[in-house]
Amino acid sequence: MHSTEMNRWTGMPYSVRYFEILEKRKTLPVWLQKDEFLEALMANQILILVGETGSGKTTQIPQFVLEAEDLGNPPAVACTQPRRVAAMSVSRRVAEEMDVTIGEEVGYTIRFEDCSSQKTVLKYLTDGMLLREAMADPLLERYKVIILDEAHERTLATDVLFGLLKEVLRKRSDLKLVVMSATLEAEKFQDYFNGATLMKVPGRLHPVEILYTSEPEVDYLEAAIRTVVQIHMSEPPGDILLFLTGEEEIEDACRKIRKEINDLGDQFGPVKAVPLYSSLPPAMQQKIFEPAPAPLRVGGLPGRKIVVSTNIAETSLTIDGIVYVIDPGFSKQKVYNPQVRVESLLVTPISKASAHQRSGRAGRTRPGKCFRLYTEKSFSIDLEPQTYPEIQRSNLANTVLILKKLGIDDLVHFDFMDPPAPDTLIRALEVLNYLGALDDDGNLTKLGEIMSEFPLDPQMSKMLIVSPGFNCSHEILTISAMLSAPPCFNRPKDAQKAADDAKARFSHIDGDHLTLLNVYHAYKQNNEDTSWCFDNFINPRAMKTAVNVRQQLVRIMARLNLKLCSPNFNSRAYFINIRKALLSGYFMQVAHLENKGDYMTVKDNQSVHLHPSNCLDHTPEWVIYNEYVLTSRNFIRTVTDVRGEWLVDIAPHYYDLSNFPSGEAKRVLERLYAMRQREKEVGKIRNRVK
DNA sequence: GAGCACTGC
């Protein structure tokens, strides 16, 4: 028996700090419903809990679950988060609240860090990580209660977990599921989970007044800047958050805001316009937390901070002190076109749910205002209620591989909350079949099973797995890591020439993949030195990521007994082997140089251009490409020279001419096949003569 | 001769 003053988890007396935090915890809205929650948890296998920001659900509900008595011993509770930082910071907070050491009773697991142990009874982890765990342990037997938090965000991993857990719950009556979400789709969740019990928790936000424009705006950027200036001139003190769509637009807007407010003269307070987007260096991102500037003179008007941000401020980052939100109603969103197998980013109107989330950012510290730069009518008629879930906007090759590995054979009848387009599923199955991950009946092959172990796209896993056969797994590991990291070349607007010159020093004439290999080697040779990075216009964050990813991939290769090897650097075949290995994974991403001088993607027959960032000094007849980007033109980016003969040698099943659209590429391939045929015949005759 | 919303394994 523990006394009430003893910590149940450590057997130690509680610290003073514990009681201090406890008093604060008790003021959170969710505490009023603690008993109600525990009763509902006892009585149901599935529980939906909806609550707005500030209810305290993410930190408190998992602790309430630990108090439930029928959890078994030791109780094992998992709580998912869509983002790593959230998993980390929330678990740290909860460990403090429970008066235990992080990594012991309370821990977290994210891609590059497992901070948990045998003792861990409550673990926060990313949704993608729980999905990985499910691949090794399909019934998730180590857990008694699983909490899916931020379910309304509908990440790919959360959507897959929905369907998976629904099946697991049928097989495991001892497992419980709590789905936590913002309010808007509560009934939809309830229906999906067979009418599960729904509990609502109030949030704790200050009221936000919503203002619409009376007429539609023609130019949202101009309107946004005008609104910033108006707020600054006529509204009481308080910081401004403006949502725009991307880096360039944001930097441009910051310059214009600074200029316009400067032009107003000094009868208004000073402003600090700060950009915010994910590729911004962390030191620059920190600026959003700096206070607004001080008045220009004693007794003068107070200054104002104006944060101009992408959607990152909608979910991932919260900034206190924001009183005014300006929402032009757009964001960049990923869309997938299964016909040409291309994911691209498009500036798209946001959803009502997203508009609601944005306006909420104005009411975190005190009552605020949200200026929507569209009409009220447009809000109610034009905006979709919800953003389409990611599963309906993505290439699903990797997801289908995971589902197959999880033992889900019949994808068409898998219980998706929102099923992906049939075309997308068919495309994914086709790609996996061409790669040899699925047989012709759609069953996972041994190769497919190995591929599923890698946290990579199937094309990349395939090239890694076959790379020992080309004696170059070290090099393919490096290239895979570099392709998985953010772009490594910096090209600041004020130093473009210098940046291009620096990049040219890494160039390999056979292509960008080999250039990436050169950069990585140079980075290692210079001891991963950050100042070397700056001197060479290399992004040090990208390089650190690449090193991390590479280490993880090396561990997986070793675990799977895949050989780590390098060809002799001085051999003529060194780069040829690497290029052949690349092609073994990416034979579906090849373009052919046409007589007109432009490129045509093989089989899909899309007219494309080499992206100007490429490092080739010639236009090869055949190239493999890593990315297809739709911007001002159709570009293929990160390209490497390959030989036509390799196509027919390495991927004859894909370059099957009986099933090939006619055109220049087909005529060239016909000649290559004929050549190979003649070689075979000559070989036979020689053998006979012998 | 150009531009990368945001995550995640």
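In this text, all values refer to a predicted model and were calculated from it rather than measured experimentally. Reminder, nothing fancy here: chain letters follow the sequence lines and each chain counts from 1.
In the model, A/D512 has no side-chain atom that pairs as donor or acceptor with a side-chain atom of A/H611 under 3.5 Å. For the residue pair A/R154 and A/Q386, no side-chain donor N or O sits within less than 3.5 Å of a side-chain acceptor on the partner.
Atom CZ in A/R83 sits about 7 Å away from atom C1' in B/dT7, given to the nearest Å. One atom, CG of A/L630, and another, P of B/dG3, lie 11 Å apart when rounded to the nearest Å. Regarding A/L131, its CG atom lies at a distance of 10 Å from the C1' atom of B/dG8, rounded to whole Å. Taking atom CG of residue A/L456 and atom C1' of nucleotide B/dG8, one finds them 12 Å apart after rounding to whole Å. Per the geometry, OH belonging to A/Y277 stands 13 Å off P belonging to B/dC4, to the nearest Å. When rounded to the nearest whole Å, the span between CG of A/L401 and C1' of B/dG8 equals 16 Å. The OH-C1' distance, from A/Y108 to B/dG8, rounds to 17 Å in whole Å. A/D598 places its CG atom 13 Å from the P atom of B/dG1, with the value rounded to the nearest Å.
Ring geometry for A/Y586 against A/H513 counts as tilted: the plane angle lies between 30° and 60°, on a 0 to 90° scale. Ring geometry for A/F489 against A/F506 counts as tilted: the plane angle lies between 30° and 60°, on a 0 to 90° scale.
Across all strands shown, A/I110 has heavy atoms under 4.0 Å from sugar-phosphate atoms exclusively, and none from any base. The residue A/T155 sits apart from the nucleic acid: no heavy atom pair falls under 4.0 Å. Nucleic acid contact for A/E248: base, since at least one base atom lies under 4.0 Å from a heavy atom of the residue. Within 4.0 Å of A/Q496, counting heavy atoms only, lies at least one base atom of the nucleic acid.
Distance check, rounded to the nearest 0.5 Å: CG of A/L131 to CG of A/L140 gives 9.0 Å.
Side-chain N/O atoms of A/S331 include none lying less than 4.0 angstrom from OP1 or OP2 on B/dA5. Considering only side-chain N and O atoms, A/T126 lies under 4.0 angstrom from the phosphate OP1 or OP2 of B/dC9. The phosphate of B/dC4 has neither OP1 nor OP2 within less than 4.0 Å of any side-chain N or O from A/R491. A sub-4.0 Å separation between OP1 or OP2 of B/dT7 and a side-chain N or O of A/T315 is absent. OP1 or OP2 of B/dC6 lies within a sub-4.0 Å distance of a side-chain N or O belonging to A/T310. Put simply, A/R637 has no side-chain N or O that comes within less than 4.0 Å of OP1 or OP2 on B/dG3. Look at A/S316 and you won't find any side-chain N or O under 4.0 angstrom from OP1 or OP2 of B/dC6.
Nearest heavy atoms, A/L456 versus A/S484: CD2-OG, 3.6 Å.
Taking only side-chain atoms of A/S613, from C-beta outward, the nucleotide of B/dA2, B/dC9, B/dA5 with the closest atom is B/dA2.
When each of A/R393 and A/N398 is assigned the nucleotide of DNA chain B with its nearest heavy atom, A/R393 is the one assigned upstream, toward the 5' end. Nearest-nucleotide positions on DNA chain B place A/L345 closer to the 5' end than the other of A/L345 and A/F454.
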